Colleague: 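Here's a structure for you.
The figures that follow rest on heavy atoms only: side chains count, while hydrogens, waters and symmetry mates do not. Computed from a prediction, not measured in an experiment: that's the story for all the values here.
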Amino acid sequence: MSTDPAVVHRDHADGVPRSYLASATHGGVVWACGQVPRRADGSVPGSIEEQVGVTIDNLEAVLRDAGASLATVLKMTVFLADLDEFDSYDAAYRARLDGNPLPPRTTVQVARFRGEKRIEIDAVAAVVREPGGPEDPTEPARQKE
């Protein structure tokens, strides 16, 4: 772990020990680690559309914890298990980010994921508020399901 006071590392909010951190922040930029479609109860939804929603929800939580938001994402990288699902994934991605700018994005197919996961997304975002502070007023309000 860095001893540079300008670099802030954050553990995962769920407290589960991992060999990597949820995010690192430096110079007003946060790098969020790849998020997968694992719900708080450990379950993974079946369809790619549901997996996109849960994955982006998880990413949004990491970004908020670091003082960023979906509205301040500078770049996303998306890893899909099957590029034949691109159209379904892309429609769900666009619907979930409705009201937020669509950031530059790279989408690639990977050989495989552990378990039933079919997607992972990481992001780089601008920090716009004090980490852990109130939500970013520039981000559109989203209804919780």
Colleague: Do V36 and L80 land in one hydrophobic cluster if side-chain heavy atoms of ILVMFWY residues count as linked below 4.5 Å?
Modeller: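 No, separate clusters.
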Colleague: Considering only heavy atoms from C-beta outward, does the side chain of L70 approach that of M76 to under 4.5 Å?
Modeller: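 L70 reaches M76 side chain to side chain.
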Colleague: Verify, without hydrogens or angle tests, whether R118 (side chain) and G46 (backbone) share a donor-acceptor contact under 3.5 angstrom.
Modeller: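 Yes, R118 side chain to G46 backbone: donor-acceptor pair under 3.5 Å.
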Colleague: Should L83 and V52 be regarded as members of a common hydrophobic cluster, given that ILVMFWY residues are connected when their side-chain heavy atoms come within less than 4.5 Å of each other, either directly or indirectly?
Modeller: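 Result: yes, single cluster for both.
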Colleague: Between L97 and P103, what is the shortest heavy-atom contact and its length?
Modeller: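 Minimum heavy-atom contact is CD1-CD, 4.3 Å.
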Colleague: Taking all heavy atoms of S47 and all of E50, pick out the closest pair and write down the distance.
Modeller: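 S47 and E50 have their closest heavy atoms at OG-N, 3.0 Å.
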Colleague: Got a donor-acceptor contact below 3.5 angstrom from the Q51 side chain to the P45 backbone?
Modeller: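 Present.
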Colleague: When clusters are formed by joining ILVMFWY residues with side-chain heavy atoms under 4.5 Å apart, either directly or through shared neighbours, do L59 and V54 land in the same one?
Modeller: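 No, L59 does not connect to V54 through the hydrophobic network.
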Colleague: Distance from R94 atom CZ to L102 atom CG, nearest 0.5 Å?
Modeller: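 So the gap between those two atoms works out to 5.5 Å.
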Colleague: Look up atom OG in S69 and atom CZ in R64, then write down how far apart they are to the nearest 0.5 Å.
Modeller: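 Atom-to-atom, S69:OG and R64:CZ are 7.5 Å apart.
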Colleague: How close do V30 and S23 get, counting heavy atoms only, and between which atoms?
Modeller: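 Taking every non-hydrogen atom into account, CG2-CB, 3.7 Å.
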Colleague: Roughly how far, to the nearest 0.5 Å, is CD1 of I56 from CD of Q35?
Modeller: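 Answer rounded to 0.5 Å: 11.5 Å.
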Colleague: Which distance, rounded to the nearest 0.5 Å, do you find between the CG of D82 and the CD1 of I119?
Modeller: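 Reported value, rounded in 0.5 Å steps: 12.0 Å.
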Colleague: State which residue, out of I121, T106, D122, fulfils the side chain to side chain contact (heavy atoms under 4.5 Å, CB included) condition with F79.
Modeller: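 One option only clears the test, and that one is D122.
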Colleague: Determine whether W31 and V127 fall in the same hydrophobic cluster, where Ile, Leu, Val, Met, Phe, Trp and Tyr are linked whenever their side-chain heavy atoms lie under 4.5 Å apart.
Modeller: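 W31 and V127: separate clusters.
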Colleague: Does a side chain donor of either S88 or E85 reach within less than 3.5 Å of an acceptor in the other side chain?
Modeller: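 No donor-acceptor contact under 3.5 Å links the two side chains.
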Colleague: To the nearest 0.5 Å, what is the distance between CG on D90 and CZ on R105?
Modeller: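 Answer rounded to 0.5 Å: 4.5 Å.
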Colleague: Kindly compute the distance separating OG1 (T55) from CD1 (I48), expressed to the nearest 0.5 Å.
Modeller: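 Here the interatomic distance stands at 7.5 Å.
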Colleague: To check you understand the geometry: which heavy-atom pair defines the closest contact between A126 and A68, and what is its length?
Modeller: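 Looks like O-CB, 3.3 Å.
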Colleague: Is the CD atom of E116 crowded by more than 12 outside heavy atoms at less than 6.0 Å?
Modeller: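 Open: at most 12 neighbouring heavy atoms sit under 6.0 Å from CD of E116.
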Colleague: Thinking salt bridges, do R96 and D57 make one under a 4.0 Å N-O criterion?
Modeller: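 Salt bridge flag = yes for D57 with R96.
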Colleague: Give the ring-plane orientation class for Y89 versus Y93, where under 30° counts as parallel, over 60° as perpendicular and anything between as tilted.
Modeller: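 Tilted.
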Colleague: Should E120 and V110 count as side-chain neighbours, where that means a heavy-atom distance under 4.5 Å?
Modeller: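 Counting from C-beta outward, E120 and V110 never come under 4.5 Å.
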